[in-house]
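Have a look at the structure below before the remarks.
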2 protein chains.
Amino acid sequence: MSMRRILFTIAYDGSDFFGWQKQSGKNIRTVQGCFEEALSNFFKTEVTCIGASRTDRGVHAFGQRAVIDIDTTVPTDRLPLALHSFMPDDISVVDAKDVNDEFNPRYDCVMKTYEYRIYNAKYRNPIYRKYSEYCHIPLDERKMDDAAKAFLGTHDFAAFAASGNSSKTTIRTIFDINVRREGDFVIIKVIGDGFLYNMVRIISGTLMSAGIGKIDRIKTTGIIEKRNRALAGKTAGPEGLTLIEIKY
Amino acid sequence: MSMRRILFTIAYDGSDFFGWQKQSGKNIRTVQGCFEEALSNFFKTEVTCIGASRTDRGVHAFGQRAVIDIDTTVPTDRLPLALHSFMPDDISVVDAKDVNDEFNPRYDCVMKTYEYRIYNAKYRNPIYRKYSEYCHIPLDERKMDDAAKAFLGTHDFAAFAASGNSSKTTIRTIFDINVRREGDFVIIKVIGDGFLYNMVRIISGTLMSAGIGKIDRIKTTGIIEKRNRALAGKTAGPEGLTLIEIKY
């Protein structure tokens, strides 16, 4: 018997999940729970996985990562398609590769990319309701992009962490952040070494305030410096958020 | 009492509906049924509507149209927002205007625009599963666009009508049709004076055959001329289809 550690890249529609994290003793549908069940059915043995990022209820992913240890003869590159019919409709395995047995998907991560989508039109479009936050007030994406630059670099992001945050430190580094418009969508893209609980959603809510002219880059810098959650914007809804990519 | 005829423009996510058309005696969820129920609750009287296009189960709309006759003092331009809280999440009223009492949303239509979306990538992305057809074989959108030109103009589209078609004539005019790629999406846009039952979905299935090199523009012309449904492509799935616009 020889165990292999396999790193999966997973896409999912978060709409019908109570987030990534399996919650023992609770009868709720989680991505991790469904993913492990599918793997267990496929490999005909109980499989558990370690995920890279604990996405919240309603949050989507194109590039979540998770590892398993398994004794199998199936070639790794065949796994995404082979697993397809075992997965529920709202989870898809998009990549699989072998990694060494020291590899940890959480601690070895060097960079995460998230996108936050806002549907900014006079009236709602039901097609987009599960995949974007709706805002009827016209947003100025250039003002948002300018304010966003306040987040660049290494800061104490205590003002941008929800109360449930359990990280040892609230210091994080943002490598890149920008705001663009694509038709009726305003899209915030943020790349960092890691994010506190609800951090991208609070950043997005704060940038929406910038988009309607309530705050600017200087005020945003002040909010960061004061380290007070009450000064930052609202927590934007989960449906607008997608975990795009995790790099190792 | 003075009755007004009001023309609504409606967007909906067709995923959880058994199509537009109310079906008497059947306990199924239709867009027309839910829309009429919302209107009846808002106006506190039983309201029925006449829709422009009978979209199928799973088909979406940004620009469905429907008229009602109502005696109300609510200004027409206030109706879309006023109706919002009465509508289910998957229907949104995006426009309302007064029309004369001879206006018929079906017969006065001069032009309809549909889009068919294909998600063309190596692996499925669950986010798009309800809003596109999935195809893992790489499609050549230029070949599809070239073959599409065979449909331009006035033809007998008998080969592109499903057996349930009840129209008096199978002759229709396509004003414009084109195929473009946007990243991993291939999008077919077709504008015509009207469409037979499943016509856009059969055209889309046929163009997918062109996209993998099985047929070309000349063969497509031959399929139209032979008026034989068996020669045309498969009926592409409903989830890829969106009714974009209806013009009067």
Side-chain angles (χ1 to χ4, degrees), chain A residues 8-17 31 34-35 38 55 58-64 77-96 115 117 119 121-132 134 136 182-185 237 239-244, chain B residues 8-17 31 34-35 38 55 58-64 77-96 115 117 119 121-132 134 136 182-185 237 239-244:
Chain A
F8 290 105
T9 307
I10 311 157
Y12 47 84
D13 179 339
S15 307
D16 297 329
F17 291 108
V31 184
C34 290
F35 183 59
T55 58
V59 172
H60 314 289
F62 292 176
Q64 173 68 289
D77 60 351
R78 302 283 293 275
L79 281 172
L81 274 185
L83 284 165
H84 171 66
S85 58
F86 289 80
M87 293 287 156
D89 270 1
D90 43 2
I91 302 179
S92 179
V93 176
V94 297
D95 193 52
E115 272 192 1
R117 299 175 74 85
Y119 182 60
K122 192 173 176 191
Y123 298 111
R124 292 167 194 270
N125 186 324
I127 290 272
Y128 307 129
R129 74 190 187 287
K130 293 179 180 173
Y131 310 100
S132 58
Y134 173 68
H136 74 279
E182 289 183 5
D184 286 333
F185 287 97
E239 60 282 353
L241 187 61
T242 302
L243 170 57
I244 299 290
Chain B
F8 290 105
T9 307
I10 311 158
Y12 48 83
D13 179 340
S15 307
D16 297 329
F17 292 107
V31 185
C34 290
F35 183 58
T55 57
V59 172
H60 314 289
F62 292 175
Q64 173 69 288
D77 61 351
R78 302 283 293 274
L79 281 171
L81 275 183
L83 283 164
H84 171 66
S85 58
F86 289 80
M87 293 287 156
D89 270 1
D90 42 4
I91 302 179
S92 179
V93 176
V94 297
D95 193 51
E115 272 193 1
R117 298 175 74 87
Y119 183 61
K122 192 174 177 191
Y123 298 111
R124 291 168 195 269
N125 185 324
I127 288 274
Y128 306 129
R129 76 192 185 287
K130 293 179 180 173
Y131 311 99
S132 58
Y134 172 68
H136 73 280
E182 289 183 6
D184 286 333
F185 287 96
E239 60 282 352
L241 187 61
T242 303
L243 170 57
I244 299 290

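The structure presented is a predicted model; accordingly, all values stated were derived computationally and were not measured. Letters A, B, ... are given to chains in the order of the sequence lines, protein chains preceding strands, and every chain is numbered from 1.
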**Prompt:** By a 4.5 Å heavy-atom criterion (distance strictly below it), what part of A:Leu81 contacts chain B: side chain, backbone, both, or neither?
**Reply:** both

**Request:** Calculate, to the nearest 0.5 Å, the distance between atoms OH and OH belonging to A:Tyr128 and B:Tyr131 respectively.
**Result:** 10.5 Å

**Item:** Least distance between heavy atoms, B:Tyr123 atom then A:Pro80 atom
**Value:** CE2-CB, 3.5 Å

**Request:** Examine whether an atom of A:Arg124 lies under 4.5 Å from a heavy atom of chain B, and if so say whether it belongs to the side chain, the backbone or both; otherwise answer neither.
**Result:** both

**Heavy-atom proximity to chain B below 4.5 Å, by part of A:His84** = side chain

**Asked** Which distance, rounded to the nearest 0.5 Å, do you find between the CZ of B:Arg129 and the CG of A:Asp13?
**Response** 4.5 Å

**Item:** Minimum heavy-atom distance between B:Ala11 and A:Pro126, given as atom pair plus value
**Value:** O-CG, 3.5 Å

**Message:** Side chains of A:Lys130 and B:Ile127, heavy atoms from C-beta outward: is any pair under 4.5 Å?
**Reply:** no

